Asker: 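Encoded as structure tokens, here's the structure I'll be asking about.
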Amino acid sequence: MPRAILLASLCAFALVGSAAAQGRASGTSPVAPPGGDLSDGDVKALASQLGCPSKARAFYCGALDRFARGKVPSVTGTRKSHLGTAFFVSAGREHATYLLLDDDGASFDAVTPENAREAADMKRALDLIRAGKQVPASNPLQKLVTSLAEMPIARALPTRTLGRSRTLSRAGTRLLIRQEGDAYVVLQVSLSPLGLNAVGVNPGVARR
């Protein structure tokens, strides 16, 4: 089983914050509103930090555009865990991720494969997500991420709604989640000054 899932289940956002806060894309922008949502100008500044427009990071530049168009996520009252992909700026690479979401809370972190078979499962899943296609329920990584919703140890930490985002703040960082189309778009940012730590897309929006 991927190591990150076992560790992240204990306190996912703490892990994502500590890992991502070690570095971010070059460039700075004004401090984001301490108690508020990101503005469209803030999102543009984050896109600039990522080097957008960029052919190599086109999917994640597009994710920032989707975030700017997004709205407050809708959920059905049932806790669900969604497989996705994210670019972690400090690591300079993408990872599979999970987003655990319910009416009152969320958690988000990378999923790291521990052997060649798991790496192959992850590659197949990420290729499908970037192509806008559904990952089969039979994919072992999809099975694992989906099962997190049923694990009591997998905690969704309390969130609040600010503007068009569900947010979770911790130790100078903020996780922001918006719904756009068939996916949740997730940003993890550091504050003072505003910096991009991670941008991700987790398909599988809950339908009412």
Side-chain angles (χ1 to χ4, degrees), residues 12-13 16-17 20 24-25 29 32-33 36-54 56-76 80-89 91 93-103 105-111 125-135 142 145 156-157 159-170 173-191 194-208:
F13 186 62
V16 114
R24 57 178 181 268
S29 72
D37 195 9
L38 294 181
S39 68
D40 289 347
D42 292 329
V43 178
K44 288 181 180 179
L46 295 176
S48 178
Q49 290 180 22
L50 192 59
C52 301
S54 165
R57 298 177 182 174
F59 179 82
Y60 297 103
C61 291
L64 286 164
D65 291 338
R66 294 183 72 176
F67 184 86
R69 298 192 301 267
K71 61 182 182 180
V72 176
S74 61
V75 293
T76 62
K80 293 185 178 180
S81 183
H82 305 276
L83 175 64
T85 180
F87 184 79
F88 287 85
V89 175
R93 59 178 296 183
E94 68 177 358
H95 285 279
T97 63
Y98 74 88
L99 173 67
L100 186 66
L101 194 64
D102 61 25
D103 282 332
S107 62
F108 171 79
D109 205 352
V111 183
L126 298 195
D127 286 347
L128 289 169
I129 291 170
R130 288 194 303 271
K133 298 179 180 179
Q134 185 173 1
V135 180
Q142 179 70 275
V145 169
L157 304 181
T159 61
R160 60 175 177 156
T161 298
L162 295 173
R164 290 183 287 145
S165 302
R166 291 270 300 275
T167 69
L168 174 62
S169 298
R170 183 183 179 95
T173 61
R174 183 172 297 160
L175 187 73
L176 303 102
I177 307 162
R178 290 184 185 176
Q179 174 183 328
E180 200 284 322
D182 63 353
Y184 300 106
V185 185
V186 183
L187 300 187
Q188 207 265 345
V189 302
S190 54
L191 307 175
L194 178 64
L196 180 65
N197 293 340
V199 51
V201 175
N202 294 72
V205 165
R207 302 295 184 186
R208 291 190 180 278

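As the structure is a prediction and not an experimental result, all values here were calculated from the model.
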Asker: Would you call the rings of His95 and Phe88 parallel, tilted or perpendicular, where under 30° means parallel and over 60° means perpendicular?
Answerer: perpendicular
Asker: How long is the gap from OG1 on Thr85 to CG on Asp127, to the nearest 0.5 Å?
Answerer: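 Thr85 atom OG1 to Asp127 atom CG measures 9.5 Å (nearest 0.5 Å).
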Asker: Looking at OG of Ser48 and CG of Leu196, how far apart are the two atoms once the value is rounded to the nearest 0.5 Å?
Answerer: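 If we round to the nearest 0.5 Å, Ser48:OG and Leu196:CG are 11.0 Å apart.
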Asker: Check whether any side-chain N or O of Glu180 sits under 3.5 Å from a backbone N or O of Asp65 as a donor-acceptor pair, and report yes or no.
Answerer: no
Asker: Can you tell me if Arg174 uses its side chain to pair, donor with acceptor, with the backbone of Asp37 under 3.5 Å?
Answerer: no
Asker: Any chance you could measure Thr173, atom OG1, to Leu187, atom CG, to the nearest 0.5 Å?
Answerer: 12.5 Å
Asker: Between Thr159 and Leu168, is there a side-chain heavy-atom distance shorter than 4.5 Å?
Answerer: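 In short, these two side chains touch, coming nearer than 4.5 Å.
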Asker: Is there side-chain contact between Ser39 and Asp42, with at least one heavy-atom pair below 4.5 Å?
Answerer: yes
Asker: So does Leu157 get a backbone contact from the side chain of Ser107, meaning a donor-acceptor N/O pair under 3.5 Å?
Answerer: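 Judged by distance alone, no pair lies under 3.5 Å.
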Asker: Donor-acceptor pair, distance only, cut-off 3.5 Å: does the side chain of Arg66 make one with the backbone of Val185?
Answerer: no
Asker: Is the shortest heavy-atom distance from the side chain of Leu38 to the side chain of Leu46 under 4.5 Å?
Answerer: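 With C-beta onward as the side chain, the pair touches.
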Asker: Would a distance-only check, ignoring hydrogens and angles, find a side-chain to backbone donor-acceptor pair under 3.5 Å from Arg57 to Cys52?
Answerer: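 Side chain of Arg57 to backbone of Cys52, a donor-acceptor pair under 3.5 Å: no, none is there.
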Asker: Return the CG to OG distance between Leu176 and Ser169, rounded to the nearest 0.5 Å.
Answerer: 7.5 Å
Asker: Checking His82 side chain against Asn202 main chain: does a donor-acceptor pair fall under 3.5 Å?
Answerer: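 No, the answer is negative, given that no donor and acceptor are paired below the 3.5 Å cut-off.
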Asker: How long is the span from the CG atom in Leu99 to the OG atom in Ser81, to the nearest 0.5 Å?
Answerer: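 That separation rounds to 7.5 Å.
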Asker: Could you tell me if the side chain of Phe59 sits less than 4.5 Å from the side chain of Val201, heavy atoms only?
Answerer: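 In contact.
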Asker: Would you confirm whether Thr167, through its side chain, and Arg160, through its main-chain N or O, come within 3.5 Å as a donor-acceptor pair?
Answerer: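 Yes, the answer is positive, given that a donor and an acceptor are paired below the 3.5 Å cut-off.
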Asker: Taking all heavy atoms of Ala198 and all of Val89, pick out the closest pair and write down the distance.
Answerer: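 Shortest heavy-atom contact: N-CG2, 4.5 Å.
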Asker: Please report the shortest heavy-atom distance between Leu100 and Ala156, naming the atom on each side.
Answerer: CD2-N, 4.0 Å
Asker: Could you work out, with side chain to side chain donor-acceptor pair (under 3.5 Å) as the rule, every residue matching Arg69, not counting sequence neighbours?
Answerer: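 Partners of Arg69 under the side chain to side chain donor-acceptor pair (under 3.5 Å) test: none.
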Asker: Taking atom CG of Asp182 and atom CD of Gln134, what is their separation to the nearest 0.5 Å?
Answerer: 9.5 Å
Asker: Heavy-atom distance under 4.5 Å between the side chains of Arg166 and Tyr184, does that happen here?
Answerer: no
Asker: Could you walk me through whether Phe67 and Ser165 pass the side-chain contact (heavy atoms from CB on, under 4.5 Å) test, one step at a time?
Answerer: CA-CA 9 Å; Phe67 184 86; Ser165 302; 3.7 Å; yes
